[in-house]
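Here is the structure we will look at, set down as structure tokens.
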Number of protein chains: 2
Amino acid sequence: MLKPQSIQQTSQTLKLLGDSNRLRMMQFIYERECCVCELVELINLSQPAISQHLRKLRDGGLVMEQRKGSWVFYRMNDEHATIELIKEILQSLPSVQGELDELEQDGLNVICHK
Amino acid sequence: MLKPQSIQQTSQTLKLLGDSNRLRMMQFIYERECCVCELVELINLSQPAISQHLRKLRDGGLVMEQRKGSWVFYRMNDEHATIELIKEILQSLPSVQGELDELEQDGLNVICHK
DNA sequence: CCCTTATATAAGATAATACTTATATGATTA
DNA sequence: TAATCATATAAGTATTATCTTATATAAGGG
């Protein structure tokens, strides 16, 4: 049973995840932290569109950003009020691990040692 | 663990529940079937606005309607592909039972014997 | 320093949303 | 069958969302 959260808080989370592109972005970020250029490869959207979605997710507190060199990595914010619900939602989706593997095989994944 | 559903199916559900008024409507309908005039009492929206939200929920397959006399009652569609997820979401919200009780005390609830 | 790569932001077009008011439909009742 | 109650639909409007293209910023490597 999930900790009860306000209607406002919950509907805001659901609105953010109610866009299929953002939902897919969250799937990838849930699997492992991703940088912007990886998400551009994984999702059929322009780089500015990806950045704009990421800003919405960040403004809503769902993800956190961290610059590493010239890349900016995004990861889940495990402190979010509705984090348990978010995880339930993401776990109810078909895995995207295969797509991440493919990215790696194509040498398009970003490994940062900073 | 919830049965995996497609991104499209899931994001459509989340978009429908990503509006605080619709989310509240679903809470009431989840608690017990409600007619339109009850929802108008429970939620601070005009009757046409309520009807329009209900149509969206019905078009998305989240609720089913049933006419009983001059009233139209809406209830959850337990056959919906994402029904398990929907229930998880609704159960993660503060109960609205108190508001339904209040409606009853005010004599504004609709009891239909058709 | 310039040049490139990665990312963000700005500005603008277009479409989708969520209301409003007015009106239509459908059932019940006098 | 006229009046009333419950609900749906239509039309209009204001706001918000989601892209696009162009440009700005920030970091890293010759």
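Source: prediction; values computed, not measured. Proteins come first, then strands; the chains are lettered A, B, ... in the order of their sequence lines, and each starts at number 1.
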Output one letter per nucleotide in nucleotides 2-18 of chain C: B when a protein non-hydrogen atom lies under 4.0 Å from the base, S when only the sugar-phosphate is that close, - when neither is.
----SBBBB------SS

All N/O contacts under 3.5 Å from nucleotides 13-15 of chain D to the protein, with atom names and distances to one decimal?
none

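Qualifying side chain to side chain donor-acceptor pair (under 3.5 Å) partners for A/Q66, counting only residues two or more places apart in sequence or in other chains: none. Applying the side chain to side chain donor-acceptor pair (under 3.5 Å) criterion to B/E33, with sequence neighbours excluded, gives B/K68. For A/Q8, the side chain to side chain contact (heavy atoms under 4.5 Å, CB included) criterion is met by A/S6, A/S11, B/S20, not counting sequence neighbours. For B/D78, the side chain to side chain contact (heavy atoms under 4.5 Å, CB included) partners two or more places apart in sequence, or in a different chain, are B/M76, B/I83, B/K87. Scored by the side chain to side chain contact (heavy atoms under 4.5 Å, CB included) test, A/T82 finds A/Q5, A/Q9, A/T10, A/T13, A/H80, A/L85, A/I86 as partners (sequence neighbours excluded). Qualifying side chain to side chain contact (heavy atoms under 4.5 Å, CB included) partners for A/C35, counting only residues two or more places apart in sequence or in other chains: A/C37, A/E38, A/W71, A/F73, A/V110. Among residues two or more places apart in sequence or in another chain, the salt bridge (charged side-chain N to carboxylate O under 4.0 Å, His left out) test is passed with A/E104 by none.
Defined by atom type and a distance below 3.5 Å, a donor-acceptor pair is missing between the side-chain atoms of B/D101 and B/Q105.
Distance, A/L14 CG to D/dA17 P: 15 Å, rounded to whole Å. Atom CD of B/Q66 is separated from atom P of D/dA6 by 18 Å (rounded to the nearest Å). Look at NZ on B/K68: it is 18 Å from C1' on C/dG26, rounded to the nearest Å. Counting to the nearest Å, the P atom of D/dA8 and the CG atom of B/D59 are 12 Å from each other.
Proximity of residues 23-34 of chain B to DNA chain C (heavy atom under 4.0 angstrom from any strand atom) is not detected for any residue.
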Identify each donor-acceptor pair in which a side-chain atom of residues 23-31 of chain B lies under 3.5 Å from a protein atom, sequence neighbours left out, and give them as a table.
from, atom 1, to, atom 2, distance (Å)
B/R24, NH1, B/E99, OE1, 3.2
B/R24, NH2, B/L42, O, 3.1
B/R24, NH2, B/E99, OE1, 3.1
B/Q27, NE2, B/P94, O, 3.0
B/Y30, OH, B/Q91, NE2, 2.7

Show me the donor-acceptor pairs, under 3.5 Å and distance only, between side chains in residues 51-59 of chain A and residues at least two apart or in other chains.
from, atom 1, to, atom 2, distance (Å)
A/S51, OG, A/Q47, NE2, 3.2
A/H53, ND1, A/R22, NH1, 3.1
A/R58, NE, A/E65, OE1, 2.7

